[in-house]
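Data first, discussion second: the structure below is written as structure tokens.
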Amino acid sequence: MKTLSEDFRVQEGSEVRLGKWPTKVDPLYTSKEHYQELLAAHVSRLSSLQQLFYASNGHALLLIFQAMDAAGKDGAIKHVMSGVNPQGCQVFSFKHPTPTELEHDFLWRTTRDLPARGQIGIFNRSYYEEVLIVRVHPDILLAEGLADASLDRQTIWDERYRSIVDLERHLDHNGTRIVKFFLHLSKAEQRRRFLDRIDDPDKNWKFSEADIEERKFWRRYMKAYEQCLAATSTRCAPWYVVPADDKKNTRLIVSQIILDALESLKMTYPKSTASRRRELQAIRRRLEV
């Protein structure tokens, strides 16, 4: 099975109309067992590449996940990254900013958690919330302590897009590869998953009334996502619109895109020098005594 990452990539400078992007595509698997086999192969390959990635220590990898509620971000991260060594991977979930975070610029709280070289960083939501939920609910801007001149709603979003693109280009120039996923869920499937969370006692904890309130703003969110994806998908930090109505398919597509990103890097294990080999042989002789 080979998933072509380009099928889901938002090309730089292109217009985005999410109504034309599928929320479901033909399954890449033929049965539950086949899905498990394919995902296991992806996870195994990812584990091997992560070891090489860590040893080569030439790049960092930042994976960003954005989506509407119930799109499956947590599940995708859990299943796809299940074989990755925890020492080389960290997941950060960004919720409502704290009072301290609100005293800084909108990129501050996330840049503190960027991955180091050899590390994979995963942002479950990210600085993109500042041009998504904040754009849908612009009153949030009033709590961010911005100067009056910065609150011009005709320009603030373009300025934030520019700040994000500049940051991501800076990171790319300094060795951080960025891959961004928008898990594209249909409104009908979200409704089905919400009902499942209500009906299944083991899933009740996942549901809150706030989820229903945000659902009322579906069209505004889709518009905000369209503008965000179009403005910030670049060659060095592309967005991928991944169909999310089928969770199994979503995980296979996401894992393949991550594999493609890692395999595109020129990675090799560090080569041992002659002096290092002599040092190791001396240590070996000591151990043999």
Donor-acceptor side-chain pairing of Gln119 and His59 below 3.5 angstrom: no

Side-chain donor-acceptor contact under 3.5 Å, Thr100 with Thr98: no

Could you give the side-chain donor-acceptor pairs of residues 228-238 under 3.5 Å, partners two or more places apart or in another chain?
residue	atom	partner	partner atom	Å
Thr232	OG1	Cys228	O	2.7
Thr232	OG1	Trp239	NE1	2.9
Ser233	OG	Val10	O	2.6
Ser233	OG	Trp239	N	3.0
Thr234	OG1	Ala237	N	3.1

Taking every non-hydrogen atom, the tightest pair across Ile120 and Pro115: C-CB, 4.2 Å

Ser208 backbone acceptor or donor facing Asp211 side chain under 3.5 Å: yes

Any donor-acceptor N/O pair, Glu226 side chain to Leu18 backbone, under 3.5 Å: yes

Ionic contact status for Glu130 with Arg135, cut-off 4.0 Å: no

Distance (rounded to the nearest 0.5 Å) between Asp200 CG and Trp205 CH2: 11.5 Å

Polar side-chain atom of His34 near backbone of Thr30 as donor-acceptor pair, under 3.5 Å: yes

Cation-pi check, Lys248 onto Tyr35 ring (under 6.0 Å, within 45° of axis): yes

Exceeds 12 heavy-atom contacts within 6.0 angstrom, atom CG of Asp199: yes

Gap between atom CD of Gln256 and atom NE2 of His42 - 0.5 Å precision: 4.5 Å

Under 3.5 Å: donor-acceptor pair, side chain of Asn249, backbone of Asp26: yes

Donor-acceptor contact below 3.5 Å, side chain Ser56 vs main chain Leu52: yes

Residue list, side chain to side chain donor-acceptor pair (under 3.5 Å) with Lys216, at least two apart or on another chain: Glu213

Face-on cation placement of Arg112 at Trp108 ring, 6.0 Å and 45° thresholds: yes

Flag for Glu189-Thr23: side-chain donor and acceptor within less than 3.5 Å: no

Tyr54 atom OH: more than 12 heavy-atom contacts under 6.0 Å: no

Asn124 side chain vs Lys73 backbone, donor-acceptor pair below 3.5 Å: no

Basic-acidic side-chain contact under 4.0 Å: Arg285, Glu288: no

No-hydrogen, no-angle side-chain donor-acceptor test under 3.5 Å, Tyr221 and Asp69: no

Which atom of Arg220 lies closest to which atom of Val136, heavy atoms considered: NH1-O, 3.7 Å

Phe8 ring center within less than 6.0 Å of Tyr240 ring center: no

Minimum-distance pair of heavy atoms, taken over all atoms of Ser126 and Gln66: OG-OE1, 2.8 Å

Rounded distance [0.5 Å steps], CD1 in Ile140 versus CD1 in Ile133: 4.5 Å

Any donor-acceptor N/O pair, Glu129 side chain to Val134 backbone, under 3.5 Å: no

Distance (rounded to the nearest 0.5 Å) between Thr250 OG1 and His184 NE2: 11.5 Å

Neighbour count >12 (heavy atoms, 6.0 Å) for atom CZ, Arg117: no

CD/Glu279: more than 12 non-hydrogen atoms of other groups inside 6.0 Å: yes

Over all atoms of both residues, closest heavy-atom pair of Tyr128 and Glu168: OH-OE2, 2.8 Å

In residues 77-91, what donor-acceptor pairs under 3.5 Å come from side-chain atoms, sequence neighbours left out?
residue	atom	partner	partner atom	Å
His79	ND1	Gly75	O	2.8
Ser82	OG	His79	O	3.0
Asn85	OD1	Gln87	N	2.9

salt_bridge(Glu12, Arg169) N-O dist < 4.0 Å: yes

Euclidean distance, Arg109 CZ relative to Phe94 CZ, rounded to 0.5 Å: 6.5 Å

Exercise: identify the closest heavy-atom pair between Ala55 and Pro270: O-CG, 3.4 Å

Donor-acceptor pair, side chain of Asn204 and main chain of Arg197, under 3.5 angstrom: yes

Pi-cation contact, Phe65 with Arg125 (under 6.0 Å, within 45°): no

Interatomic distance, Ile156 atom CD1 to Tyr161 atom OH [nearest 0.5 angstrom]: 11.0 Å

